[in-house]
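Attaching a single structure in structure tokens format; questions to follow.
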Amino acid sequence: MITITGVKQHKVIQKQCLREVVFVIQSQRNSFHARRAERLRAELLLQTAALREVHSLLITIHLTTIHLFSSHFRGNSSWIVFLEEETSVKLDRLLSVLKKFVRRKEWFLGKSLHDDESTIIHHYAFAENPSAFKYPDFSAGWALSIPLVIRLANKVQEEPLKSDFTIDLKHEVALYIWDEGKGPRLTAVPELCTLPENSPKAKDCATTVGTHSPLCGEPVPQEDIFVAVKTCKKFHSERVPVVKKTWEKQASHLEYYSDHADPSIPTIDLGVPNTDRGHCGKTFAILSRYMSSAVPQTDWLLIVDDDTLISLPRLQALLSCYDSRESVCLGERYGYGLGQGGYSYITGGGGMVFSREAVRRLLASGCKCYSNDAPDDMVVGMCLNALQIPVTHSPLFHQARPEDYARDFLAHQTPISFHKHWNIDPIAVFNKWLSDSADSSSERPNRNHREEL
């Protein structure tokens, strides 16, 4: 069964040989991600065939919720297993793991993550003891027993989701399931892993991670990316020098946009007054300038803040997997009012990447800011939602600092960006996580993995 919900696409496989397990492949509405999900589906089918049991496959397309899983699978299944596109699965080992748990009970299984300190991306939850609360690393796969799915389905129907913002879904899912102690906490399963499949340490793993850092061909040339840095006069001497000392030299085409023209940087005054928050007017002025003859014509536009730390070579590699002729909007995805028909958006601090076609359609639609200080990333998200242009998430972009993320979550990444200079040495952070020397570190897995798609 293939189902689509929101901006996520879910491919669901149910086999008679695996009649107690339903696999949900969480994907996205973009040709690259659709191919990755289809490849994982095909790999699962091959493993199923190797088990030498007759099976059938039902394929449909429609909207789905947790209630759908409950109503469709409660009678003949015991588990819903959620997989990311990059999750690799050894079916025989996974089935052996699931058999260890009494299926009539409520179970929430996964590879556990925890915060070492309270963090803004989790709304400073469990501030007194942040490491006490565990939440799953989606890349390793995670599972819900059908009794828990049934209860959650009833809960969703009786109490619709009320959260305004969706920031870190894996943490928010764990909170919703735990429900202030009324539901189960995450049970850590050591066989659900985020190690590379070829790692000697992965010999007992039922799941491993293929790669978060795909390379689908030659990296996009520097000359094909135009970089727009948003700044203002008060940060010319504080933040802009950090950009110049770290990643500016990685860009072929880069301009700084400010409320004050400073030829020493240089900055460009777009005629939009500086605002304390939002910056929507400035961002839409940048979008218009990008499509004009004032700047070189490129396939891709990157908009960042002046306190964004980013690796452009890693971005070039990632963009090799995307088609600039499609409407592509890429970065770290947040959500607003998703439980009540809201929308997704690319959060600005981690960097917003647009294909030229996406910018063209956005401007042609006439969608615009309701005020100069409106939140630019959210307004863009509303416009994209109205145009039915999907917002594509990459976990390699980060709205916050490295210390705001679980250590084990970053351990299997080759990150592209971080954001904020607060209480850190930004140059040291760049050198540790994003510089060329970090690329050669053995601690950054899968950095040269090539996607054959």
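Index from 1, following the sequence.
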**Request:** May I ask you to decide whether Lys155 forms a salt bridge with Glu158, counting only side-chain N to carboxylate O separations under 4.0 Å?
**Result:**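 Judged by the 4.0 Å cut-off on N to carboxylate O distance, Lys155 and Glu158 do not form a salt bridge.
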**Message:** Closer than 3.5 angstrom, by distance alone: can the side chain of Lys234 be matched with the main-chain N or O of Thr231 as a donor-acceptor pair?
**Reply:**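 Between the backbone of Thr231 and the side chain of Lys234 there is no qualifying donor-acceptor contact (under 3.5 Å).
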**Prompt:** For Thr208, does its backbone N or O pair with a side-chain atom of Glu197 as donor and acceptor, under 3.5 Å?
**Reply:**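 Absent.
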**Polar side-chain atom of Gln413 near backbone of Pro395 as donor-acceptor pair, under 3.5 Å** =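 At least one qualifying donor-acceptor pair exists.
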**Request:** Please report the closest heavy-atom contact between Leu113 and Phe409, naming both atoms and the distance.
**Result:**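 Closest approach of Leu113 to Phe409: CD2-N, 3.7 Å.
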**Asked** Does Lys233 come within less than 4.0 Å of Asp259, counting only side-chain N to carboxylate O?
**Response**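 No, Lys233 and Asp259 are not salt-bridged.
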**Message:** Taking Tyr124's backbone N and O only, do any of them form a donor-acceptor pair with Ser118's side chain (distance below 3.5 Å, no angle check)?
**Reply:**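 Not at all, since once roles are kept as given, no pair shorter than 3.5 Å links the two residues.
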**Message:** Suppose we call two aromatic rings close when their centres sit under 6.0 Å apart. Are Tyr135 and His122 close by that rule?
**Reply:**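 Yes, the ring of Tyr135 comes within the 6.0 Å limit of the ring of His122, centre to centre.
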**Message:** With rounding to the nearest 0.5 angstrom, report the CG to CG distance, Leu315 to Leu319.
**Reply:**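 It is 4.0 Å, given to the nearest 0.5 Å.
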**Asked** Going by distance alone, is a donor N or O of one side chain under 3.5 Å from an acceptor N or O of the other, for Glu332 and Gln399?
**Response**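 Gln399 and Glu332 do not have a side-chain donor-acceptor pair below 3.5 Å.
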**Prompt:** What is the minimum heavy-atom distance between Cys329 and Ile389, and which atoms define it?
**Reply:**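 Scanning both residues completely, I find the closest heavy atoms to be SG-CG2, 4.2 Å.
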**Message:** Does Thr267 form a side chain to side chain donor-acceptor pair (under 3.5 Å) with His260? I'd like the steps, not just the answer.
**Reply:** CA-CA 7 Å; Thr267 60; His260 174 72; over 6 Å; no
**Request:** Without swapping roles, check the side chain of Asp377 against the backbone of Gly348 for a donor-acceptor pair under 3.5 Å.
**Result:**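 At least one qualifying donor-acceptor pair exists.
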**Prompt:** Trp178 and Phe133: aromatic ring centres closer than 6.0 Å?
**Reply:**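 When the ring centroids of Trp178 and Phe133 are compared, they turn out to be within the sub-6.0 Å range.
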**Prompt:** Under 3.5 Å, is there a donor-acceptor pair between the side chain of Arg361 and the main chain of Ser327?
**Reply:**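 No, because the side chain of Arg361 does not come within donor-acceptor range (under 3.5 Å) of the backbone of Ser327.
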**Residue pair Gln316 / Pro221: nearest heavy atoms and the distance that separates them** =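 Looking at all heavy atoms of both residues, the closest pair is NE2-C, 3.9 Å.
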**Asked** Does Ser417 reach the main-chain N or O of Gly350 with its side chain, forming a donor-acceptor pair under 3.5 Å?
**Response**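 Yes, the answer is positive, given that a donor and an acceptor are paired below the 3.5 Å cut-off.
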**Thr275 and Asp373 side chains, donor-acceptor separation under 3.5 Å** =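 Per modelled atom types, Asp373 and Thr275 side chains form no pair under 3.5 Å.
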**Item:** Distance-only donor-acceptor check, side chains His412 and Asp137, under 3.5 Å
**Value:**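 Their side chains do contain a donor-acceptor pair, which is all the 3.5 Å distance test asks for.
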**Prompt:** Are Lys230 and Asp306 close enough for a salt bridge, meaning some N to O gap below 4.0 Å?
**Reply:**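 Salt bridge absent between Lys230 and Asp306.
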**Asked** Rounded to the nearest 0.5 Å, how far does CZ of Phe82 lie from CH2 of Trp142?
**Response**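 Rounded to the nearest 0.5 Å, the CH2-CZ separation comes to 4.5 Å.
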**Asked** Stepwise, does the side-chain contact (heavy atoms from CB on, under 4.5 Å) test hold for His419 with His398?
**Response** CA-CA 7 Å; His419 180 228; His398 303 88; over 6 Å; no
**Message:** How long is the straight-line distance from CZ of Arg151 back to CD1 of Ile177, given to the nearest 0.5 Å?
**Reply:**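 Result: 8.5 Å between the selected atoms.
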**Asked** Can you list the steps and then say if Asp299 with Val220 is a side-chain contact (heavy atoms from CB on, under 4.5 Å)?
**Response** CA-CA 9 Å; Asp299 290 339; Val220 168; over 6 Å; no
**Message:** For Phe165 and His123, I'd like to know if the aromatic rings sit close, meaning centre-to-centre distance below 6.0 Å.
**Reply:**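 No - the distance between ring centres of Phe165 and His123 does not fall below the 6.0 Å cut-off.
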**Request:** Would you kindly say whether Glu85 and His33 are connected by a side-chain donor-acceptor distance under 3.5 Å?
**Result:**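 Glu85 vs His33: donor-acceptor pair found between side chains.
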**Request:** Examine distances only and state if a side-chain atom of Thr246 and a backbone atom of Val242 form a donor-acceptor pair shorter than 3.5 Å.
**Result:**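 Checked: pair present.
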**Passing candidate, side chain to side chain contact (heavy atoms under 4.5 Å, CB included) with Met352, options Thr308, Leu302, Ile346, Thr347** =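 The residue from Thr308, Leu302, Ile346, Thr347 that satisfies side chain to side chain contact (heavy atoms under 4.5 Å, CB included) with Met352 turns out to be Ile346.
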**Request:** Check the side chains of Ser31 and Glu326 for a donor-acceptor pair under 3.5 angstrom, ignoring hydrogens and angles.
**Result:**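 On atom types as modelled, these side chains qualify, holding a pair under 3.5 Å.
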Solution key, residues 285-293 side-chain donor-acceptor pairs under 3.5 Å, sequence neighbours excluded:
residue	atom	partner	partner atom	Å
Ser288	OG	Phe284	O	3.2
Arg289	NE	Glu255	OE1	2.9
Arg289	NE	Tyr257	OH	3.3
Arg289	NH2	Glu255	OE1	3.4
Arg289	NH2	Glu255	OE2	3.3
Tyr290	OH	Thr298	O	2.6
Tyr290	OH	Thr298	OG1	3.3
Tyr290	OH	Trp300	N	3.4
Tyr290	OH	Arg356	NH1	3.4
Ser292	OG	Arg289	O	2.7
Ser292	OG	Ala294	N	3.1

**Message:** Salt bridge or not between Arg325 and Glu357? Use side-chain N to carboxylate O under 4.0 Å.
**Reply:**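 Salt bridge absent between Arg325 and Glu357.
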**Item:** Check: Glu84 main-chain N/O paired with Thr87 side-chain donor or acceptor under 3.5 Å
**Value:**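 Here the side-chain-to-backbone pair exists.
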**Message:** Pairing donors with acceptors under 3.5 angstrom, does anything connect the side chains of Gln28 and Arg333?
**Reply:**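 Gln28 vs Arg333: donor-acceptor pair found between side chains.
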**Item:** Ser365 side chain vs Leu362 backbone, donor-acceptor pair below 3.5 Å
**Value:**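 Yes; at least one donor-acceptor contact below 3.5 Å.
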